[in-house]
Structure formats: structure tokens, C-alpha cells
Asker: 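Structure incoming, see below.
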Amino acid sequence: MRDEYPREAPNLTNACIVMFGVNVAWILVLIWAIWGLIAAAFMGLSINRLISHLHVWSMARRAAAIRRGKNT
């Protein structure tokens with residue numbers, strides 16, 4: 001008899017990261033084609049800065065959680 005349900009869900013984290021990169025790449029190419037290289041470079045730098053701020057925010061929240069006694 002065949003199992004109807006899989007035992008665990010597949011880990012799709014790597015696929016998500018790869019597809020995020022692919023989507024960012026084609027969006028930057030589209031911006032480059034429409035408005036030029038300066039706009040695409042500005043958008044890339046803005047995304048990089050946003051990701052950096054998200055990392056700092058995440059580390060601050062993790063440190064605050066540890067101070068409260070929660071190990072995450």
C-alpha cells in the first residue's frame with residue numbers, strides 16, 4: 001500500500017534564494033533597458049543597503065531576545 005502523505009516537507013530554502021536572485025537580475029536588466037545603467041546601479045545599491053539594514057535589524061532583535069532570556 002502506498003503512503004498518501006510524505007513524511008516531511010521538502011526544504012525549499014535554496015530554491016527560494018536562487019529564484020530571488022533570478023528575479024532581481026531580470027528586474028535590474030529591465031530597469032537598465034528602460035532608464036539606463038545609472039538607474040540600475042542605483043536600484044542595486046538600494047537593494048544592497050536594504051538587505052544590510054535588515055541584517056543589522058535582525059541581529060539587534062536577536063540580541064534583545066537573548067537579553068530577555070530567550071535563546072533563538
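Predicted, not measured: the structure shown is a model, and the values here were computed from it. For reference, positions follow the sequence shown, starting with 1.
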Asker: Can you list, by chain and residue number, the hydrophobic cluster partners of Val29 when the side-chain cut-off is 4.5 Å?
Answerer: none

Asker: Test question: given the 4.5 Å side-chain rule for I, L, V, M, F, W and Y, name all other residues clustered with Leu30, or answer none.
Answerer: Phe20, Val24, Trp26, Ile27, Leu28, Ile31, Ile34, Trp35, Met43, Ile47, Ile51

Asker: Out of curiosity, Leu50 CG to His55 NE2, how far, rounded to the nearest 0.5 Å?
Answerer: 13.5 Å

Asker: Sub-3.5 Å donor-acceptor pair from the side chain of Ser46 to the main-chain atoms of Phe42, do we have one?
Answerer: yes

Asker: Is the backbone of Gly44 close enough, under 3.5 Å, to the side chain of Asn48 for a donor and an acceptor to pair up by distance?
Answerer: no

Asker: Calculate, to the nearest 0.5 Å, the distance between atoms CE and CD1 belonging to Met19 and Ile17 respectively.
Answerer: 13.0 Å

Asker: Applying side-chain contact (heavy atoms from CB on, under 4.5 Å), name anything that partners Ala25, two or more places apart in sequence or on another chain.
Answerer: none

